[in-house]
Protein chains: 2
Amino acid sequence: MSKKIYIADDDANIRFIIGSFLKNEGYQVEEFESGDALYERFLAVPCDLIILDIMMEGRDGLAICAKLRESYSVLIIIVSALDSELDRITGITLGSDDYLVKPFSPVELVARVKALFRRVDLDRKVVSADILVVGDMRINVKSRDCWIDQKKVDLTPTEFTLLTYMFQHADQAVSRQQLLKHVWGVEWDADTRATDDILKRLRKKLVDSRVKVESVWGFGFRLVVEDEHEKSEK
Amino acid sequence: MSKKIYIADDDANIRFIIGSFLKNEGYQVEEFESGDALYERFLAVPCDLIILDIMMEGRDGLAICAKLRESYSVLIIIVSALDSELDRITGITLGSDDYLVKPFSPVELVARVKALFRRVDLDRKVVSADILVVGDMRINVKSRDCWIDQKKVDLTPTEFTLLTYMFQHADQAVSRQQLLKHVWGVEWDADTRATDDILKRLRKKLVDSRVKVESVWGFGFRLVVEDEHEKSEK
DNA sequence: ACAAATATAGGCAAATCTGTGGCAGTTATT
DNA sequence: AATAACTGCCACAGATTTGCCTATATTTGT
């Protein structure tokens with residue numbers, strides 16, 4: 001399906017050039033004169049990627065970028081005539097995925113846009129990959145083994161299947177029902193705490209890992225990666 | 001988050017500099033003299049991100065990058081002295097996530113490394129996220145957690161379900177009947193103040209937020225976002 | 001302003017949930 | 001066949017949640 005891209009730049013020429021190249025690649029493109037206009041539009045109709053100039057009327061590109069990042073994971077590329085190292089680092093640190101310096105080649109921009117979409121696709125596909133990685137752990141679904149860092153962990157069949165499911169749903173809250181259905185193949189409403197039992201045993205085996213199974217009270221469980229040092233990086 | 005990074009560059013100085021900066025950020029770093037050595041190591045122990053020079057003994061960085069991309073979704077940054085537009089585009093098109101031209105600032109490299117990790121984290125969390133936003137609050141239906149700005153709020157199951165319903169009907173007046181039906185699953189006319197109780201507890205947890213639960217006298221409740229300018233009104 | 005109806009706040013106890021250790025039936029391994 | 005491993009269940013203790021009760025405050029209608 002065709003991806004949607006919004007561009008904000010106060011220079012109509014640049015908008016036109018960028019827009020043309022991207023449309024040529026089959027993307028749906030909308031152009032805006034200001035970051036504020038783009039932001040309003042995004043709230044109404046989200047898009048997949050945003051290209052922001054820094055210097056614009058109203059809020060500048062950096063402000064828009066930071067504002068978007070508060071709540072959205074949309075891809076953001078900043079383009080700017082500002083070429084100091086500090087500018088680039090600021091732009092990237094504020095939340096953009098890439099930073100291009102004007103004048104830039106439209107072809108390179110297109111390549112970088114594609115690279116970002118490719119990255120998102122790769123990250124999506126990871127769920128169906130043979131090797132699943134979460135935090136310092138990885139499991140190989142084919143060979144059915146499991147590693148904490150470099151150390152192999154022995155898992156029983158049910159434990160492995162359960163952990164695989166949790167890996168595929170990392171960060172999500174998973175209900176006992178869900179687990180019974182996907183790990184045990186039980187469709188009906190079973191009154192059992194078999195899930196708790198396997199998790200109990202799994203937890204013991206994960207004590208040395210930063211990957212933890214949290215319980216979500218009254219609901220189920222959630223796989224999370226413990227942050228050992230800093231509290232709020234983002 | 002101690003992610004693992006492999007670096008391949010035939011210049012020991014560059015390896016050292018890059019490695020130092022990255023270790024300084026808390027990453028686990030391993031250095032290799034050639035892309036082939038790095039590749040072998042990766043097969044044995046995967047890492048999270050790879051930094052490749054183009055010109056090296058054996059297969060060059062581009063070849064390694066392409067080879068890795070055949071089977072793995074690991075992050076790849078290419079660094080190179082080659083600075084033509086074509087070189088950059090080739091590098092990115094072949095599968096790398098970023099392309100930096102030597103000499104580059106180690107600080108910028110670190111910023112870009114962080115940006116890539118940030119992207120992967122965002123994608124992982126959003127892959128199937130179902131996020132509702134109202135004012136300064138955010139709830140993720142899939143992970144079942146709730147945030148005021150950047151601060152996590154613990155909710156009980158009923159509170160969570162109720163708040164979700166209110167989020168879906170923000171600004172609307174919601175009757176007790178409605179809540180009993182959708183949150184409790186009660187169809188009949190129940191004479192209960194259970195709704196008031198949960199809301200009472202919810203309100204306590206939302207004191208720091210601009211999102212408030214108003215009561216609609218004789219009817220039910222309404223979720224509103226307080227205007228921060230006229231806080232003294234109520 | 002006053003009475004009736006409705007809403008809020010605090011406290012309480014029943015019901016529910018979770019983690020633990022132990023146990024036994026079944027399955028796999030030697 | 002004997003032994004070990006795996007898995008589900010049980011019971012218990014501790015913690016959390018939640019509905020209700022009562023007292024008090026607020027709103028509405030006359």
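Labels below follow one simple rule: chain letters A, B, ... track the order of the sequence lines, proteins then strands, and each chain is numbered from 1.
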K200(A): partners by salt bridge (Lys or Arg N to Asp or Glu O under 4.0 Å), with sequence neighbours left out: D197(A)
Ring center gap for Y39(A) and F32(A) short of 6.0 angstrom: no
More than 12 heavy atoms of other groups within 6.0 Å of K114(A) NZ: no
Electrostatic pair R201(A)-E159(A), nearest N-O below 4.0 angstrom: no
Qualifying ring pair (Phe, Tyr, Trp, His ring centres under 6.0 Å) pairs with a residue from residues 137-160 of chain B, counting only residues at least two apart or across chains: none
First and last nucleotide of DNA chain D, 5' to 3', lying under 4.0 Å from heavy atoms of chain A: dC6(D) to dT17(D)
Contact letters for nucleotides 17-30 of chain C, in which S counts primed atoms plus P, OP1 and OP2 and B counts the base, heavy atoms under 4.0 Å: SBBBBB--------
Listed partners of Q178(A) passing side chain to side chain donor-acceptor pair (under 3.5 Å), at least two apart: Y165(A)
Side chain to side chain donor-acceptor pair (under 3.5 Å) against R203(B), all qualifying residues, sequence neighbours excluded: none
